[in-house]
Structures are given as C-alpha cells and as structure tokens.
A.B. asks: 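Could you have a look at this structure, given as structure tokens, before my questions?
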Amino acid sequence: MDLRVLGKSGIEVNPMGLGLWAAGGSDWGPSDDDEILSVVDAALDAGINLFDTADVYGNGHSEDLLGRAIQGRRERFIVATKIGWKGFDRDQNRTQYDTVEKVVSAVEENLHRLRTDYIDVIQNHINFRDSTMEVVREGFQRLQEQGKVRAYGVSTSDFEYLQEFNSDGKCSTLQVDYSILNRTPEEDVLPYCQANGIGVLVRGPLAMGILADKFTPESTFAEGDFRRNWQTNEDEREVFFSDLQRVEELRLLAKGKSMAQLALQFALAHPAVTTVIPGARNLNQLTQNVQATQSPELTTEDQLAINRVIPPGGGRKIWPA
C-alpha cells in the first residue's frame, strides 16, 4: 500500500488503518483479547501502520491492548488516540478537561496505558462547542512542544467546531464519520480539510457493519452492543431498515467485490481522505478490509451509479462525534 501524508503533520500512513473501538470489549459487545492481538499482528504484516483508539474504548482497555502490541516494535506503529468524552456532562455541555493541567495529565494517562513515551496523533474526541476547546488545544500544543505528541487534531462531524478548533491553522487531522450512507461531509467538511492541509481519518466507512452486508431486518445484537438500539428504538429501527434497503441497491453495483470492499473503496476515492480506519475483531474481517486496497479502484461509471442511489452530500450522519 502506498503511503499518504497525514495533512500538515507530515506523518506517513497507509490508506488502510485499523480502528480499535470494538477491541475495548464494550459498546460493541465482548471481544477476545488474544484475537485482537492477532489481528494487530496480521495488520502489521499486511502493511497497515495506523492504529486508532481512545481513552474511553473499554475504559482504557483498548489502549492497554495496543500498548501490549507495540512493545519492542514501536517504530512500526503510528498511534492515534483521543481524550474528551470521559467525564462528559451532557446537561452542562462540557467535559472534565477544563484546564491545561488536566489535559496534560489525561494524555500522560494515555501514554501510560499505551506504554510509550510519545503519541503520534492525539485527538480531541468531542462534538459539542463547550468552553474547553481552547484549553484542550493549548494542552495539546504544550505536549507537542515537550515531544510527547507529534501532531494533534479533532474527532467530530460538526463543521463549525472543526473551523473553530483550527482557527489558528495548527490542527493537523480530522477524524470524521463518512461512508456511502453518510455523504454529508462532502458538502463542507472534506473540502475545508483539503483546502487547509488537514489529514482526514475516516471512521464508520462501513456504517457500523451495515455496509459489510451482514445484517438483515431479523438481525439481533449481543448484550452490551449499542446497536441493540436498532432493534429496540422505533425510530432507529426504521432508519436501520431503510439503510438495509439502500444496501440492497448498492449490492448490484459491487461487480465481484464484497459490499465492504465497495464501501471502503468509495471512502478512499475522495481526494480529501487520507486513510480509512474500519474496525476488525477477527482475521477474516481484516482480510476483507485489506482486499479493498488490492482490487481495482472504482471507475467513473461506478461513482455515477452510487450517486444515483445516494447523491453527493446526501445520506445521514450515522454517529455524531
């Protein structure tokens, strides 16, 4: 896989990364630590070098697993992690990281769990415009000056938040939800990143598994998997069924590819996108993801056909932050 430069950071990453949210063993149901570590090993062997996690994934367990994996071979990993959601008070619309000292201390905890003395990309993991934005940015910059952080960015789908976070022009990365089912970032977010030298990490390129073509209206989800809301909440169930219908239409366009490969190639085709970071909890899922970078790219005809199913800028936001 050819390396791409992650915005103004200058950090080189492969177009396919690995997201480790599900590795934490929460929110997506239980996961197996040994299997996750095997997936990380296989990802390295496949040429993947970017691994994305966060302090809240499994309450730090995802970071801990990645920290175990990088021992003795730190130079092979581009480590991206986040702070921001921990201690978030929705009523007051603010996070606990309200001083520079708290931000620095929080990232020190990231470093401890990851068993490393530097983080390649630290990200502000928040979607709400609260009073802490400048504090977080100052904390990241202090850590950058200390050599504990190589670059920093934000994880959000909120265009105005991104603009404010980059008001000094020093934000290097954006992590954003983008997929065939959610093309809304094409309207403003992606053009802005392209114009301002901000590298884009795409989360949700498989729409939380919907574009992996493994669900039906009868699908069920394990206890602890937040996607159970797709079954239990009437509004979310209606949207889930609508998405499945879209997948039926898109499947006709795959032409020998799996739906996952079509979806990943779609996300990678946008010129503003640097890398996609789908999750994988087993070797089969990882193999399917990697194959997307090895099969022929989408043609103009493929793109036009996709546009007829979901037009540019269309779809819905799958996940807010």
Side-chain angles (χ1 to χ4, degrees), residues 16-31 36 39 51-54 56-58 62 80 82 85 123 125 127 155-158 174-185 189 200-251 254 258-268 270 273 275-282 284-286 288-289 292 306 309-310 314-321:
M16 179 72 63
L18 180 63
L20 294 170
W21 182 6
S26 64
D27 298 324
W28 296 74
S31 62
I36 294 297
V39 168
F51 298 81
D52 178 80
T53 183
V56 292
Y57 295 170
S62 175
K82 315 177 196 74
W85 272 110
Q123 300 156 96
H125 194 191
N127 194 59
S155 177
T156 185
S157 294
D158 187 323
L174 169 72
Q175 186 172 148
V176 66
D177 183 81
Y178 176 56
S179 70
I180 297 179
L181 294 177
N182 174 23
R183 300 185 63 176
T184 58
V189 171
V200 175
L201 294 77
V202 169
R203 54 181 163 78
L206 299 179
M208 300 188 176
I210 295 173
L211 286 168
D213 201 17
K214 59 183 180 181
F215 299 142
T216 70
E218 291 73 39
S219 293
T220 58
F221 300 92
E223 194 70 38
D225 189 328
F226 72 90
R227 293 173 297 181
R228 284 175 67 90
N229 290 333
W230 297 350
Q231 302 169 256
T232 59
N233 181 286
E234 184 175 347
D235 291 337
E236 291 198 32
R237 184 168 62 248
E238 183 176 339
V239 173
F240 176 49
F241 289 171
S242 174
D243 286 340
L244 292 179
Q245 182 57 47
R246 295 279 182 88
V247 171
E248 287 287 335
E249 298 176 63
L250 291 166
R251 189 184 297 118
S258 69
M259 268 303 306
Q261 290 164 3
L262 178 73
L264 292 171
Q265 286 186 337
F266 168 82
L268 283 168
H270 195 287
V273 171
T275 184
V276 296
I277 50 171
R281 285 193 283 182
N282 57 60
N284 181 59
Q285 290 176 352
L286 178 70
Q288 287 289 314
N289 294 346
I306 290 171
V309 178
I310 300 179
R316 66 182 182 92
K317 295 181 179 180
I318 306 292
W319 192 253

A.B. asks: Using only atom types and a distance under 3.5 Å, with no angle test, would you say the side chain of Asn182 pairs donor to acceptor with the backbone of Asp177?
C.D. replies: yes
A.B. asks: Are Trp21 and Met208 side-chain neighbours, meaning at least one heavy-atom pair lies under 4.5 Å?
C.D. replies: yes
A.B. asks: For the OG atom of Ser219 and the CG atom of Leu244, what is their distance to the nearest 0.5 Å?
C.D. replies: 7.0 Å
A.B. asks: Of all the heavy-atom pairs spanning Thr156 and Leu174, show the shortest one and how long it is.
C.D. replies: O-CD1, 3.5 Å
A.B. asks: Is any side-chain heavy atom of Val56 closer than 4.5 Å to a side-chain heavy atom of Lys82?
C.D. replies: no
A.B. asks: State whether the number of non-hydrogen atoms from other residues, nucleotides or ligands found under 6.0 Å of Glu249 atom CD is greater than 12.
C.D. replies: yes
A.B. asks: Looking only at heavy atoms, what is the nearest atom pair of Ala280 and Asn289, with distance?
C.D. replies: CB-ND2, 4.1 Å
A.B. asks: Nearest heavy-atom pair of Leu211 and Ile180: which atoms, and what distance?
C.D. replies: CD1-N, 4.1 Å
A.B. asks: I'd like to know whether Val200 forms a side-chain contact (heavy atoms from CB on, under 4.5 Å) with His270, so could you lay out the CA-CA distance, the side-chain angles of the two residues, the decisive distance to 0.1 Å, and finally the verdict.
C.D. replies: CA-CA 10 Å; Val200 175; His270 195 287; over 6 Å; no
A.B. asks: Hey, are the side chains of Asp52 and Arg203 touching, using non-hydrogen atoms and a 4.5 Å cut-off?
C.D. replies: no
A.B. asks: May I ask you to decide if Leu181's main-chain N or O and Arg246's side chain share a donor-acceptor pair within less than 3.5 Å?
C.D. replies: no
A.B. asks: So, taking the atom named CZ in Phe240 and the one named CG in Asp235, what distance separates them when rounded to the nearest 0.5 Å?
C.D. replies: 15.0 Å
A.B. asks: Please lay out, stage by stage, how Val276 and Met16 fare under the test side-chain contact (heavy atoms from CB on, under 4.5 Å).
C.D. replies: CA-CA 5 Å; Val276 296; Met16 179 72 63; 3.7 Å; yes
A.B. asks: Any idea which heavy atoms bring Pro205 and Ala267 closest together, and the distance?
C.D. replies: CB-CB, 4.3 Å
A.B. asks: What distance do Gln288 atom CD and Lys214 atom NZ have between them, rounded to the nearest 0.5 Å?
C.D. replies: 10.5 Å
A.B. asks: Supply the atom-to-atom distance Gln175 CD to His125 NE2, rounded to the nearest 0.5 angstrom.
C.D. replies: 7.0 Å
A.B. asks: Determine, for Glu234 against Arg237, whether the closest basic-nitrogen to carboxylate-oxygen distance falls under 4.0 angstrom.
C.D. replies: no
A.B. asks: To the closest 0.5 Å, what do you measure between CG (Asp243) and CD (Glu238)?
C.D. replies: 11.0 Å
A.B. asks: State, to 0.1 Å, how close Val273 and Leu268 come at their nearest heavy-atom pair, and which atoms those are.
C.D. replies: CG1-CA, 4.4 Å
A.B. asks: With heavy-atom distances below 4.5 Å as the criterion, would you say the side chains of Ser258 and Asp213 are in contact?
C.D. replies: no
A.B. asks: Return yes if some donor-acceptor pair links the side-chain N/O of Gln265 with the main-chain N/O of Ala292 below 3.5 Å, else return no.
C.D. replies: yes
A.B. asks: With sequence neighbours excluded, tell me which residues meet side chain to side chain contact (heavy atoms under 4.5 Å, CB included) with Ser62.
C.D. replies: Leu20, Ala23, Thr53, Tyr57
A.B. asks: For the residue pair Arg183 and Ile306, establish whether any side-chain heavy-atom pair is separated by less than 4.5 Å.
C.D. replies: yes
A.B. asks: Please give me the minimum heavy-atom distance between Leu18 and Gly279, naming the atom from each residue.
C.D. replies: CD1-C, 4.3 Å
